[in-house]
Amino acid sequence: MLIDTVAWVRIEKGRILCARPRGKDVFYIPGGKREGAESDVETLLREIREELAVALDPDTAVHVGTYEAAIPGTLGTAGLPKGAVVRMACYTAEGEGEPEPSSEIEEMAWFSYADRELVPPVDQLLFDDLAATGELA
């Protein structure tokens, strides 16, 4: 099973914005699953507006990478089925408004590379790339 997601990469002072959804104990790069025939950018705009109340400018969206990783463990994690693979298309984009948790998000945090183990495997791949380019402290 492939879980197709899109994520917003927002880095400030060497740290990346992460969010923890209500009822979950894991932080993720903000974003979410595609609905229907949405494009990556359409998904990104909708998810970030819903999760963080930021209106992203589609003309500034830049693809920074697409990552895939299997869900570890025998039972799956975060409510995802065992054997599932998560694909995460990552974009930077400028927007209006400061990120703030919405009804879907319990908590936000700014993570450095030292926090890599606190995010799922697919997010860890992004952390690795950002640390290698010096963008993530």
- Message: Is the ring pair Phe127/Tyr113 parallel, tilted or perpendicular, if the boundaries are 30 and 60 degrees?
- Response: tilted

- Can you list the steps and then say if Asp4 with Thr43 is a side-chain contact (heavy atoms from CB on, under 4.5 Å)? CA-CA 10 Å; Asp4 186 24; Thr43 302; over 6 Å; no

Taking all non-hydrogen atoms of both residues into account, name the closest pair between [X] and [Y] and its distance.
X      : Y      : result
Pro101 : Ile105 : CB-O, 3.4 Å
Cys18  : Ile29  : SG-CD1, 3.9 Å
Glu98  : Val54  : C-CG2, 3.9 Å

Would a distance-only check, ignoring hydrogens and angles, find a side-chain to backbone donor-acceptor pair under 3.5 Å from [X] to [Y]?
X     : Y      : result
Glu51 : Gly31  : yes
Arg22 : Ser103 : yes
Thr5  : Lys33  : no
Trp8  : Leu44  : no

- Glu104 side chain to Ser102 side chain, donor-acceptor N/O pair below 3.5 angstrom: no

- State the CE-CZ distance between Met108 and Arg10, to the nearest 0.5 angstrom. 8.5 Å

- Looking at CG of Asp123 and CG of Asp115, how far apart are the two atoms once the value is rounded to the nearest 0.5 Å? 12.5 Å

- Message: Can you confirm whether more than 12 heavy atoms, excluding those of Glu106, are under 6.0 Å from its CD atom?
- Response: yes

- Could you point out which residue of Leu125, Val62, Leu130, Val64 forms a side chain to side chain contact (heavy atoms under 4.5 Å, CB included) with Cys90? Val64

